[in-house]
Amino acid sequence: MSVVVRFAPSPTGYLHIGGARTALFNWLFARSKGGKFLLRIEDTDRARSTDDAIEKIFEGLRWLGLDWDGEPVFQFARAARHADIAQMLMSEGKAYHCWSTQEELEAMRAKARAEGRQPRYDGTWRDRDPALAPKDVKPVVRLRAPQTGETTVHDMVQGEVTVPNAQLDDMVLLRGDGTPTYMLSVVVDDADMGITHVIRGDDHLTNTFRQVQLYRAMGVEPPVFGHIPLIHGPDGAKLSKRHGALGIEAYRDMGMLPEAMRNYLMRLGWSHGDADVISTEQAVQWFDMSQVGRSPSRFDMQKLTSLNAHWLRERSEEDLIGMIEPLIQAEGFSLDATGHRRLAAGMAGLKARCRTLNELAEAAAFYVEPRPIRIANDAVKILDEAARQRLAAIAPKLADVEEWSEAALEAACRQHAEQVGVGFGKLAQPLRVALTGSTVSPGLFEVMAVLGKDEVVARLDDAAQGRNGEKKARQ
RNA sequence: GUCCCCAUCGUCUAGAGGCCUAGGACUCCACCCUUUCAAGGUGGCGACACGGGUUCGAAUCCCGUUGGGGAUGCCA
């Protein structure tokens with residue numbers, strides 16, 4: 001039997017980190033088994049579902065590289081089908097009308113709680129004559145669930161979990177206005193879509209017992225379930241906005257790479273021995289639900305960032321230039337042929353020092369900005385009177401260097417330092433600041449080689465004369 | 001309250017009775033490299049929640065305690 005899984009978010013907000021991880025696990029499972037990964041938008045809550053959220057979810061999944069098979073299914077469009085199933089269950093006596101009001105329900109729950117029992121609907125209308133129904137209440141349809149015995153779920157992650165049926169009540173299938181509830185819609189859709197494995201957050205585990213009862217009532221074999229542990233915030237509580245639980249696009253905007261995001265997310269709850277740095281291709285080969293743990297994990301930005309640094313270095317120079325170009329433009333610089341050539345030449349030195357695309361764009365700016373370049377606030381003090389004199393002195397020496405190579409430049413600089421009797425360190429930092437505008441940069445001679453003689457001499461002159469570009473956001 | 005789940009370094013985790021004086025990764029610290037910062041290399045700090053069993057032997061199995069989480073909707 002071939003595997004069919006789905007990711008079924010409700011479009012009431014952005015694609016958050018937990019949803020992204022659930023989608024990833026489903027995707028990994030499908031791809032590793034040669035199965036299908038379907039997408040279903042659970043938009044049955046009309047008040048909270050928005051088109052904007054739907055678009056955000058598509059965007060998020062596409063950015064993450066989680067391609068789905070076929071067209072997305074919109075759950076609300078299938079409401080009539082869901083209602084039909086409810087009617088069928090009614091006609092078979094497996095479901096019934098219930099006229100209990102919200103107030104009555106609340107009273108039932110309060111009573112049960114007060115008596116130390118599980119709060120639940122007490123089955124008032126389960127066997128009562130519908131002729132007794134109040135005229136001013138629109139009835140809901142409830143499942144006639146078994147009241148004795150127990151329901152067991154064989155979960156790929158949680159193992160065998162059993163709950164007494166007395167603990168479960170007769171769930172609502174159709175609301176008073178005739179629209180289907182989540183419980184009904186999910187089960188009907190999963191059945192109709194031929195879903196073989198339901199992989200979702202642990203918070204759905206208790207729903208599963210009820211859903212299994214519904215499958216039984218419908219005469220359909222339930223899929224295999226796999227409830228993956230939730231992701232918590234740094235304080236151990238359920239990840240929420242308070243923790244900065246952001247949409248996946250926020251991580252993109254921080255300069256994270258999708259492959260880094262996948263790598264980080266797949267390791268939350270899943271492992272393959274010692275492996276930490278795992279490519280997506282490797283994960284598809286290795287992914288195995290039996291290696292999914294049962295305990296929740298916490299979101300750790302530092303580890304994500306560290307993984308991002310790794311995957312950043314794996315990217316080609318051209319890829320990275322393409323990705324930071326918009327960021328560089330946002331800083332107010334354009335990328336002309338010279339700038340592009342410099343970035344291509346200097347990217348290896350740049351990317352080893354950066355952990356995110358945003359850092360990379362910032363670190364790369366000095367290669368493309370026009371003279372006089374900006375000098376960062378904390379770098380200005382390096383260019384004191386003595387330093388400026390040294391720069392003025394070395395500029396002509398560099399102008400005389402014939403072979404503009406890193407080795408020749410280093411030789412020239414060291415020779416000059418020796419001649420004027422200063423340690424090379426005294427010379428290096430002013431040079432760095434003059435050429436890059438910062439106290440931190442790739443290797444000095446690499447920078448010189450990339451910039452070219454004319455630009456280097458001109459920047460040294462700028463610095464010697466105290467010319468400083470407009471200070472923007474840089475510091 | 002009730003039901004369900006969970007419990008190894010600060011964090012992510014390896015570990016499926018002896019290979020464990022518990023391994024890796026992130027973080028932190030030190031050293032090496034070095035023109036800065038990274039990267040890289042080497043080393044260090046750092047955990048089996050607690051209490052009972054079972055067993056020749058338990059991080060691994062069982063029970064309890066404690067702690068955490070989830071669910072308890074005519075939301076999904």
Side-chain angles (χ1 to χ4, degrees), chain A residues 8-12 42-45 47-49 75 98 100-102 105-106 109 112-120 138-142 153 155 157-159 161-164 167-169 171-177 179-183 185-186 201-207 209 227 229-230 232 234 236-238 264 267-277 290-291 293-307 309 313 349-355 359 363 382 410 413-414 417 423-429 431-433 436 438-445:
Chain A
S10 61
T12 54
E42 308 217 318
D43 53 354
T44 53
D45 184 343
R48 295 198 299 149
S49 298
Q75 194 161 57
C98 164
S100 293
T101 62
Q102 298 285 3
L105 256 19
E106 267 169 47
R109 292 188 194 111
R113 189 180 285 263
E115 291 169 5
R117 290 181 291 111
Q118 167 90 339
R120 54 194 282 280
K138 291 217 190 281
V140 298
V141 172
R142 287 182 183 272
V153 171
D155 195 279
V157 177
Q158 309 292 336
V161 187
T162 300
V163 144
Q167 203 62 225
L168 277 12
D169 60 4
M171 65 175 150
V172 174
L173 266 22
L174 251 31
R175 300 187 184 98
D177 64 3
T179 59
T181 61
Y182 160 77
M183 288 290 191
S185 300
V186 174
D202 208 5
D203 48 342
H204 286 284
L205 182 62
T206 45
N207 288 333
F209 302 101
H227 288 89
L230 302 178
H232 289 167
K238 192 178 186 179
Y264 178 68
R267 288 287 289 106
L268 253 29
W270 174 75
S271 63
H272 184 85
D274 267 359
D276 277 302
V277 177
S290 73
Q291 289 305 312
R294 276 134 307 184
S295 53
S297 46
R298 301 186 189 202
F299 188 80
D300 180 11
M301 197 66 193
Q302 287 190 307
K303 188 130 186 181
L304 202 210
T305 307
S306 158
L307 246 12
R313 285 174 205 116
L350 250 18
K351 72 179 182 181
R353 269 158 256 265
C354 296
R355 305 191 298 176
E359 285 179 15
I382 299 285
E410 177 159 9
C413 287
R414 287 191 187 282
F424 181 63
K426 290 274 188 211
L427 196 56
Q429 276 309 74
L431 277 171
R432 186 184 313 284
V433 173
T436 72
S438 169
T439 54
V440 174
S441 81
L444 212 39
F445 308 112

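It should be emphasised that the depicted structure is a prediction, and the values quoted were computed from it without experimental measurement. Throughout, protein chains are lettered first and strands after them, A, B, ... in sequence-line order, and every chain is numbered starting at 1.
Here B/A49 sits opposite B/U65 as a Watson-Crick or G-U wobble pair (both hydrogen-bonding atom distances under 3.5 Å). Base pairing annotation: B/C56 forms a Watson-Crick or G-U wobble pair with B/G18, both donor-acceptor distances under 3.5 Å. With both pairing distances under 3.5 Å, B/C26 is matched to B/G10 as a Watson-Crick or G-U wobble pair. Nucleotide B/C33 forms no Watson-Crick or G-U wobble pair with any nucleotide shown, as no partner meets the under 3.5 Å limit on both distances.
Contact annotation: the side chain of A/Arg120 never approaches that of A/Leu168 to less than 4.5 Å [non-hydrogen atoms, C-beta and beyond].
The listed nucleotides are B/U13, B/A39, B/C37; the one nearest the side chain of A/Ser271 is B/U13. Comparing B/C12, B/A39, B/U36 against the side chain of A/Asp276 picks out B/C12 as the nearest. Side-chain proximity of A/Arg267 to B/A38, B/U13, B/C74: nearest is B/U13. Looking at the side chain of A/Leu230, the nearest of the listed nucleotides B/U35, B/A76, B/G70 is B/G70. The nucleotide whose nearest atom lies closest to any side-chain atom of A/Arg48 is, among B/A14, B/A76, B/C37, B/A76.
A/Arg432 and A/Ser441 are linked by a side-chain donor-acceptor pair at a separation below 3.5 angstrom, with hydrogens and angles left out of the test.
Here the closest non-hydrogen pair linking A/Gly176 and A/Val140 is N-CG1, 3.5 Å. Contact record, A/Leu350 with A/Ala363: CD1-O, 3.8 Å, taken as the closest heavy-atom pair. Scanning both residues, A/Asp202 and A/Pro229, for their nearest heavy atoms gives CB-CA, 4.0 Å.
Between the C1' atoms of B/C32 and B/C26, the separation comes to 22 Å (whole Å). Look at the P atom in both B/G64 and B/U2: the space between them is 15 Å, to the nearest Å. Taking the C1' atoms as reference points, B/C50 lies 14 Å from B/A59, given to the whole Å. Comparing the C1' positions of B/U13 and B/C56 gives an interatomic distance of 32 Å, to the nearest angstrom.
Atom NZ in A/Lys351 sits roughly 18 Å away from atom C1' in B/C37 (whole-Å rounding). Rounded to whole Å, atom P of B/G40 lies 12 Å from atom CZ of A/Arg353. Straight-line distance from the NE2 atom of A/His272 to the C1' atom of B/C12: 17 Å, rounded to whole Å. Rounded to whole angstrom, the span from the CG atom of A/Leu444 across to the C1' atom of B/U36 amounts to 9 Å. The CG atom of A/Leu431 sits 16 Å away from the C1' atom of B/C37 (whole-angstrom rounding). Per the geometry, CZ belonging to A/Phe445 stands 12 Å off C1' belonging to B/U36, to the nearest Å. Atom pair A/Tyr182:OH and B/A76:P shows a separation of 9 Å (rounding to whole Å applied). Between the NE2 atom of A/His232 and the P atom of B/G69 there is a distance of 7 Å, rounded to whole Å.
Among the atoms of the strands shown, none is found under 4.0 Å from any heavy atom of A/Pro9. A/Gly269 comes within contact range of the sugar-phosphate backbone alone, with a heavy-atom separation under 4.0 Å but no base atom that close. Within 4.0 Å (heavy atoms only), A/Glu410 reaches no atom of the nucleic acid at all. Within 4.0 Å (heavy atoms only), A/Ser290 reaches no atom of the nucleic acid at all. Within the nucleic acid shown, A/Asn207 comes within 4.0 Å of at least one base atom, counting heavy atoms only. Looking at heavy-atom distances under 4.0 Å, A/Thr439 makes contact with a base.
Residues meeting the ring pair (Phe, Tyr, Trp, His ring centres under 6.0 Å) test with A/Phe209, sequence neighbours left out: none.
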Q.
A/Asp177 vs A/Lys138, test: salt bridge (charged side-chain N to carboxylate O under 4.0 Å, His left out). Steps then yes/no.
A. CA-CA 7 Å; A/Asp177 64 3; A/Lys138 291 217 190 281; over 6 Å; no

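No hydrogens or angles were tested; on distance alone, a donor-acceptor pair under 3.5 Å links the side chain of A/Arg432 to the base of B/U35.
Distances shown here put a side-chain N or O of A/Thr44 below 4.0 Å from the OP1 or OP2 atom of B/A76.
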Please write out the pairs of protein N or O atoms and N or O atoms of nucleotides 1-11 of chain B separated by less than 3.5 Å, giving the distance to one decimal.
{"unit_1": "B/U2", "atom_1": "O2'", "unit_2": "A/Gln167", "atom_2": "OE1", "d": "3.1"}
{"unit_1": "B/U2", "atom_1": "O2", "unit_2": "A/Gln118", "atom_2": "OE1", "d": "2.7"}
{"unit_1": "B/C3", "atom_1": "O4'", "unit_2": "A/Gln167", "atom_2": "OE1", "d": "3.3"}
{"unit_1": "B/C5", "atom_1": "O2'", "unit_2": "A/Gln158", "atom_2": "OE1", "d": "3.4"}

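If A/Asp203 and A/Arg355 are placed on RNA chain B by their nearest nucleotide, the residue sitting closer to the 5' end is A/Arg355.
A/Thr436 contributes a side-chain N or O that, together with a main-chain N or O of A/Ser438, makes up a donor-acceptor pair within less than 3.5 Å. Although no hydrogens or angles enter the test, the distance criterion places a donor-acceptor pair under 3.5 Å between the side chain of A/Gln158 and the main chain of A/His227.
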